[in-house]
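One structure is given below, encoded as structure tokens.
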Amino acid sequence: MSVYKNIKKVTTNTLQKMKQEGEKISMLTAYDYSFARLIDQAGMDVILVGDSAGNVMAGHETTVTVTLEQMIYHAQCVVRAVNRALIVVDLPFGSYQSNSEIALASAIRVMKETGCHAVKMEGGEEIAESVQKIVKAGIPVMGHVGLTPQSIYKFGTYTVRAKEEEEAATLKKDVQILQDAGCFAVVLEKIPAKLSAEVTASLRIPTIGIGAGAYCDGQVLVMHDMLGINNEFNPRFLRKYVQLATQIDEALRQYIQDVKSLQFPNEQESY
Ligand code: KIV
């Protein structure tokens, strides 16, 4: 049983202690008030307002088109619902890659306009200067390496990253740089479990895995994926805890049938 279950507010310090004490960190994405409320009430440690909003909320093929304004809107909706979880918001593509001044300005906007607790950025050595500047300004930063969807057009595919020694060595170097730059945690996306075990053991800060095996300090999934909202998305790493697509479809068809057959509303449902 979790010793952190009754903690009033999860902070970056809480996550650090969880790593030290071997308690796994639970993290899930959210983009709106109603789901964020359920997720927080269930006791999730971290809620990520991910730029996967571009996929699951807006229907885009990639996260590349997501804007800072869109992230701010989703984060505002989530922040209103959450009492306990640490809320991390993705800085979207184009809001931090140009230079560290722009990165800091984007991070400040997100913090001031949403009331969230931290930002997340994709990349390794190339974002270290920006991470340093943002952390120095008092904003906690979560890193994200391995498969980084904002660079999908550079990689060309969503397959497992860092399978080869050279890419694995770069990743190992990158996470050390991110830790030294001040990141409080790092997401490892779609890398071999053996590599994530090595990386997790080598870092003081917690690692949060998605498709990175069981040895990370925590796990993250996209809410729509683990709730089974999309029948067509079935990667190996994904566990669907419920098949909501099927249940929602049944409910919708029943409603249509009830309306057409005058079964809804009945007398008790009328004034
Ligand atoms: O945007 C997102 O949902 C993410 C997670 C997949 C880690 O970055």
Side-chain angles (χ1 to χ4, degrees), residues 24-67 69-93 114 116 120 122 142 144 146-150 152 157-160 187-190 208-214 216 218-259 264:
K24 298 288 181 185
I25 298 162
S26 58
M27 173 161 144
L28 193 67
T29 65
Y31 319 94
D32 73 316
Y33 174 85
S34 301
F35 273 107
R37 196 155 169 260
L38 290 171
I39 293 167
D40 190 48
Q41 285 171 355
M44 200 69 61
D45 297 315
V46 184
I47 294 181
L48 171 66
V49 185
D51 61 355
S52 50
N55 308 117
V56 296
M57 300 298 290
H60 290 294
E61 211 171 295
T62 76
T63 58
V64 172
T65 55
V66 176
T67 66
E69 283 67 30
Q70 288 164 350
M71 290 310 301
I72 288 171
Y73 170 73
H74 288 296
Q76 286 169 338
C77 299
V78 167
V79 166
R80 273 180 224 124
V82 172
N83 289 314
R84 178 183 174 276
L86 182 83
I87 306 169
V88 182
V89 177
D90 262 335
L91 291 187
F93 179 68
T114 74
C116 74
K120 177 164 82 58
E122 295 181 8
M142 179 180 274
H144 182 158
L147 176 65
T148 46
Q150 292 179 11
I152 190 58
T157 145
Y158 286 100
T159 52
V160 179
V187 168
L188 306 177
E189 180 161 354
K190 248 185 160 179
I208 316 281
I210 173 163
C216 300
Q219 298 291 328
V220 57
L221 286 174
V222 169
M223 180 195 87
H224 291 63
D225 299 345
M226 64 85 78
L227 294 180
I229 288 175
N230 180 357
N231 278 338
E232 279 96 63
F233 188 63
N234 297 296
R236 174 184 167 133
F237 70 81
L238 175 61
R239 184 178 299 177
K240 294 188 180 180
Y241 284 83
V242 59
Q243 299 285 348
L244 272 194
T246 309
Q247 291 185 23
I248 290 171
D249 182 64
E250 281 168 12
L252 296 175
R253 285 171 194 277
Q254 185 64 53
Y255 169 65
I256 293 167
Q257 196 184 314
D258 288 354
V259 169
F264 177 81

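By convention here, the first residue in the shown sequence is residue 1. Reckoned from all heavy atoms, side chains included, excluding hydrogens, waters and symmetry mates. Here the structure is a predicted model, which means the values were calculated and not measured.
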Looking only at non-hydrogen atoms, find the nearest pair between [X] and [Y] and report the distance.
X	Y	answer
Gln150	Glu122	N-OE1, 2.9 Å
Glu189	Pro149	OE1-CD, 3.8 Å
Arg239	Leu221	O-CD1, 4.2 Å
Ile47	Ala85	CG1-CB, 3.8 Å
Tyr158	Ile152	CZ-CG1, 3.5 Å
Ile25	Ile208	CG2-CD1, 3.8 Å

Anything under 30° is parallel, anything over 60° is perpendicular, the rest tilted; go ahead and classify Phe35 against His224. tilted
Candidate pair Asp51 and Met71, rule side-chain contact (heavy atoms from CB on, under 4.5 Å), full reasoning: CA-CA 7 Å; Asp51 61 355; Met71 290 310 301; 3.9 Å; yes
Distance, nearest 0.5 Å, that separates [atom1] of [X] from [atom2] of [Y]:
X	Y	atom1	atom2	value
Leu227	Ile39	CG	CD1	7.5 Å
Leu28	Asp40	CG	CG	11.5 Å
Gln41	Arg84	CD	CZ	12.0 Å
Asp32	Gln76	CG	CD	13.5 Å
His74	Gln70	NE2	CD	6.5 Å
Leu86	Asp45	CG	CG	9.5 Å

Answer yes or no: is there a side-chain heavy-atom contact under 4.5 Å between Val222 and Tyr31? yes
side-chain contact (heavy atoms from CB on, under 4.5 Å) between Asp90 and Val49: does it pass, once the steps are laid out? CA-CA 6 Å; Asp90 262 335; Val49 185; over 6 Å; no
For Val82 and Arg37: C-alpha separation, side-chain torsions, deciding distance, then whether side-chain contact (heavy atoms from CB on, under 4.5 Å) applies. CA-CA 6 Å; Val82 172; Arg37 196 155 169 260; over 6 Å; no
Determine the sole option in Asp225, Asn231, Asn234 for which the side-chain hydrogen bond (donor to acceptor under 3.5 Å, both in side chains) test with Lys240 is passed. Asn234
Passes side-chain contact (heavy atoms from CB on, under 4.5 Å), Met27 versus Val187? Steps please. CA-CA 10 Å; Met27 173 161 144; Val187 168; 4.1 Å; yes
Can you tell me if CZ on Phe237 sees more than 12 non-hydrogen neighbours from other groups inside 6.0 Å? yes
Donor-acceptor contact present, side-chain Gln243 to main-chain Ile229, <3.5 Å: no
For the pair Thr29 (side chain) and Leu48 (backbone), establish whether a donor and an acceptor sit closer than 3.5 Å, ignoring hydrogens and angles. no
